[in-house]
Amino acid sequence: MHKKNKTLGEFIIENQDSFQYSSGELSKLINAIRLACKVVNHEVNKAGLVDILGAAGDTNIQGESQQKLDVLANEKFIQTLKNREIVCGIASEEEDDFISINSNDEKHQNKYVVLIDPLDGSSNIDVNVSVGTIFSIYRRVTPVGTPVTLDDFLQPGREQVAAGYIVYGTSTMLVYTTGYGVNGFTLNPAIGTFYLSHPDMEFPESGTIYSVNEGNYIHFPQGVKDYIKYCQQEEGDRPYTSRYIGSLVSDFHRNMIKGGIYLYPKSSMASNGKLRLLYECNPMAFIAEQANGKASNGYGRILDIEPTQLHQRVPFFCGSKKMVEKAEEFMKASNS
Ligand code: AHG
Ligand code: MN
Ligand code: MN
């Protein structure tokens, strides 16, 4: 059990030895992400001042062109990681292709690649509702000192060495795992320091919240329709409460604390749903499993899917173990 109130910096140092390959490189990388979070947090907090500072497409008073926040978050993250020369490759939801970093240079012995969704729930920005950032870290599979290839990024989620998210909510929190449970840190904005506020986070085994965009109901597979009806029936602790923010990070975070299930199923409009396997589903699935929860595509484990494309989408059912199992039962029963 980790004790509350230590800083993220102290926590990283204390836990470094428990990493499988404890060269300190992963710790440095988490430190770089911590810094990138603070930079993006600063930008997100200014979002409401857009009328004053200028909207996307405008030029501000210093002659700098204003960017959409997801583009800006993407640049800040990539720049921070590049500057620290701590990874050999980055893939981002906002980039068509992966980025290779100093991989031709033999001096650079970096072993890790990072995949990011720099701004998740971006449609919430304009209305002052929580957004997030998601990251996922793997060891490269190709030799150190050579350029990274697509194979370094297309690894099944079970190979992740770390994953986490930042939620820019009423407070800013960084929640992450390195495969030894899940810990949450809250930013004290006055001094720019993250403190351990949520040690050893776990999903309750079951819960009473279901999160799904029910406006798409008519397009859902029969199994999902049946499961939604089950959530709404009056029996035992049902009907459940419906909560949907429209930002995966925030919906997941609430469900992990209170107990619940998040669903983004396939539909007759989108055969694989909407969420991205590499930038969204795999990192959240790793965190969910580390927090005693479960993540499925409706039929099986998300972390066992062999990716074939960088921007691949998959249906996503994630949250309290018993609730995800129940949803899978409905999918199986209806053959959907
Ligand atoms: P992003 O902003 O990175 O594109 O992701 C948005 C995702 C996810 O965060 C959210 O849960 C989902 O899209 C909402 O989609 P709908 O508006 O279709 O419900
Ligand atoms: Mn997203
Ligand atoms: Mn995004």
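In each ligand, atom 1 is the first atom listed, and ligand 1 is the first ligand listed. Quick note: numbers below take in every heavy atom, side chains included, and nothing from hydrogens, waters or symmetry partners.
Using a 3.5 Å distance cut-off with no hydrogens or angles, the side chains of Q290 and Q160 do not pair a donor with an acceptor. Side chain to side chain, N74 and E95 meet the donor-acceptor criterion of an N or O pair below 3.5 Å.
For an aromatic pair to be called close, the ring centres must be under 6.0 Å apart, and F185 with F11 satisfies this. Y165 and F252 have their aromatic ring centers within a separation under 6.0 angstrom.
For a threshold of 3.5 Å applied to N or O pairs, the pair formed by S123 and ligand 1 contains no separation below that value. For ligand 1, the polar-atom distance check finds an N/O of G121 within less than 3.5 Å of one of the ligand's N/O atoms. For the pair V249 and ligand 1, the shortest N or O to N or O distance does not fall below 3.5 Å. Where the criterion is an N or O separation shorter than 3.5 Å, residue side chain and backbone included, S122 meets it with respect to ligand 1.
Set against the non-hydrogen atoms of D117, the atoms of ligand 1 under 4.0 Å away are 3 (O). In summary, the atoms of ligand 1 found under 4.0 Å from a heavy atom of S247, numbered by their order in the structure, are 9 (O), 11 (O).
Rounding to the nearest 0.5 Å gives a distance of 13.0 Å between CZ of F203 and NZ of K294. The distance from the OG1 atom of T7 to the OH atom of Y195 is 7.0 Å, given to the nearest 0.5 Å.
Using a cutoff of 4.0 Å between basic side-chain nitrogens and carboxylate oxygens, R158 and E306 are scored as salt-bridged.
Scanning the protein for heavy atoms near atom 4 (O) of ligand 1, the closest one is E93 OE1, 4.1 Å. The protein heavy-atom contact nearest to atom 15 (O) of ligand 1 is K274 NZ, 3.0 Å. Nearest non-hydrogen protein atom to atom 7 (C) of ligand 1 is L275 CD2, 3.8 Å. Considering only non-hydrogen protein atoms, atom 10 (C) of ligand 1 sits nearest to G246 O, 3.4 Å.
Contacts with ligand 1 closer than 4.0 Å are made by no heavy atom of V131, backbone or side chain. Contacts with ligand 1 closer than 4.0 Å are made by heavy atoms of both the backbone and the side chain of L248. Contacts between D120 and ligand 1, counted as non-hydrogen atom pairs separated by less than 4.0 Å, involve both the backbone and the side chain.
Between the OD2 atom of D117 and the OD1 atom of D120, the angle centred on the Mn ion (ligand 2) amounts to 100° when rounded to 10°.
The cationic atom of R140 (NZ for Lys, CZ for Arg) does not lie both less than 6.0 Å from the six-membered ring centre of Y112 and within 45° of the ring axis.
Taking backbone and side chain together, P118 holds no N, O or S atom under 2.8 Å from the Mn ion (ligand 3). Look at E280 and the Mn ion (ligand 2): an N/O/S atom of the residue is under 2.8 Å from the metal.
Residue contacts with ligand 1 leave out I245, since none of its heavy atoms falls under 4.0 Å from the ligand. For E280, the heavy-atom gap to ligand 1 drops under 4.0 angstrom.
The side-chain heavy atoms of R84 and L35, taken from C-beta on, include a pair separated by under 4.5 Å. A heavy-atom distance below 4.5 Å is not found between the side chains of I33 and T80.
Atom 18 (O) of ligand 1 has its nearest heavy-atom neighbour, among Y262, F316, Y244, Y264, in Y264.
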Task: Candidate pair F98 and F153, rule ring pair (Phe, Tyr, Trp, His ring centres under 6.0 Å), full reasoning - done: CA-CA 8 Å; F98 62 83; F153 298 93; 4.9 Å; yes
Task: side chain to side chain contact (heavy atoms under 4.5 Å, CB included) evaluation trace for L154 with D151 - done: CA-CA 5 Å; L154 297 186; D151 288 344; 5.5 Å; no
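When the N, O or S atoms of E93 are ranked by distance to the Mn ion (ligand 3), OE1 comes first.
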